[in-house]
Amino acid sequence: MARQHDTEHEKGTQKPKGTMTVQEAGKMGGEIRKEELGPEGYSEIGKMGGEVRKEQLGHEGYSEMGKKGGEARKEQLGPEGYSEMGKMGGEARKEQLGPEGYSELGHKGGQRVKQLIEEGKRAEADEGGEEGMSENEESKGRGMTGHSKPRH
């Protein structure tokens, strides 16, 4: 009788009674807790944990953690799956905000992109000396007029 039990265990069809990995126990406990709290309560616990982790890591560390997670998820799903996930998220957000709210969100995003472009242009102008000079013109020492820069 014991031999049959061992054979089943070796095949992976059945575990001996009382054996469970820490991972399996944690998963089981999490599932029970999720049932007790319901989706909203379980989500709230996750948000609270995220806030604590954000405090521990700081803004930069938390942002880096998110980037790593996003890259890992992208590898799991592949480019098409990751794109599809983004579309689904966008649709869900549109439902939450409604058409007007979603449009306003897009406008805010566009304004932020415009601001970042302007900041980049200013930073480039500060680094490059004369404003409006292309990289090629700068390397030749000439501005937009084609005249050489005065030597000091």
Side-chain angles (χ1 to χ4, degrees), residues 1-139 144:
M1 186 77 145
R3 182 68 191 141
Q4 182 182 8
H5 180 73
D6 290 343
T7 306
E8 288 175 354
H9 176 61
E10 288 168 10
K11 291 180 186 176
T13 58
Q14 184 180 14
K15 285 185 164 188
K17 191 173 183 177
T19 61
M20 181 183 292
T21 66
V22 173
Q23 184 178 8
E24 290 168 334
K27 184 175 181 178
M28 183 182 285
E31 292 297 323
I32 291 169
R33 188 71 174 140
K34 189 176 185 179
E35 284 179 28
E36 291 172 352
L37 297 173
E40 294 82 15
Y42 201 67
S43 176
E44 187 62 32
I45 286 177
K47 288 177 185 175
M48 288 168 33
E51 289 300 317
V52 169
R53 190 67 176 140
K54 189 175 188 178
E55 280 183 32
Q56 292 170 340
L57 297 175
H59 178 74
E60 293 296 321
Y62 196 70
S63 180
E64 184 64 27
M65 184 180 72
K67 287 177 186 173
K68 286 180 181 178
E71 288 301 315
R73 190 67 175 140
K74 189 185 243 181
E75 276 188 37
Q76 289 173 341
L77 298 175
E80 294 83 15
Y82 196 69
S83 176
E84 183 62 28
M85 185 178 72
K87 288 176 187 172
M88 289 169 53
E91 289 300 318
R93 190 68 175 141
K94 188 189 277 188
E95 276 187 39
Q96 289 173 340
L97 299 175
E100 295 82 18
Y102 195 68
S103 177
E104 184 180 325
L105 181 66
H107 180 72
K108 286 180 181 178
Q111 292 300 311
R112 178 67 176 140
V113 168
K114 184 178 177 181
Q115 177 188 1
L116 291 171
I117 290 170
E118 290 301 319
E119 288 174 9
K121 286 180 181 179
R122 281 194 298 274
E124 195 174 81
D126 290 346
E127 288 175 10
E130 290 186 30
E131 196 169 335
M133 198 169 23
S134 72
E135 243 180 75
N136 191 31
E137 290 168 332
E138 182 180 332
S139 67
M144 294 180 74

Around atom CD of Q76, are there more than 12 heavy atoms from other residues, nucleotides or ligands closer than 6.0 Å?
yes

Taking the basic N atoms (NZ, or NE/NH1/NH2) and the acidic carboxylate oxygens, is any pair closer than 4.0 Å for E118 and K114?
no

Mind running salt bridge (charged side-chain N to carboxylate O under 4.0 Å, His left out) on R33 and E36 for me, showing each step along the way?
CA-CA 5 Å; R33 188 71 174 140; E36 291 172 352; 3.1 Å; yes

State, yes or no, whether a side-chain contact exists between E71 and E75 at a heavy-atom distance under 4.5 Å.
no

Would you say the side chains of Q111 and Q115 form a donor-acceptor pair under 3.5 Å?
no

Flag yes if more than 12 heavy atoms outside E119 fall under 6.0 Å of its CD atom; otherwise flag no.
yes

Any side-chain heavy atom of E44 sitting closer than 4.5 Å to one from M48?
yes

Kindly say whether T21 contributes a backbone atom to a donor-acceptor pair with the side chain of E24 at under 3.5 angstrom?
yes

Kindly indicate whether the side chain of M20, heavy atoms from C-beta on, has any atom under 4.5 Å from the side chain of M28.
yes

Before accepting this row, confirm whether a basic side-chain N of the pair E124/K121 lies closer than 4.0 Å to the acidic partner's carboxylate O.
no

Test side chain to side chain contact (heavy atoms under 4.5 Å, CB included) on S103 and H107; report intermediate values, then the result.
CA-CA 6 Å; S103 177; H107 180 72; 5.7 Å; no

If you measure from CG on L37 to CD1 on I45, what distance do you get to the nearest 0.5 Å?
4.5 Å

Passes side chain to side chain contact (heavy atoms under 4.5 Å, CB included), H59 versus Y62? Steps please.
CA-CA 5 Å; H59 178 74; Y62 196 70; 6.0 Å; no

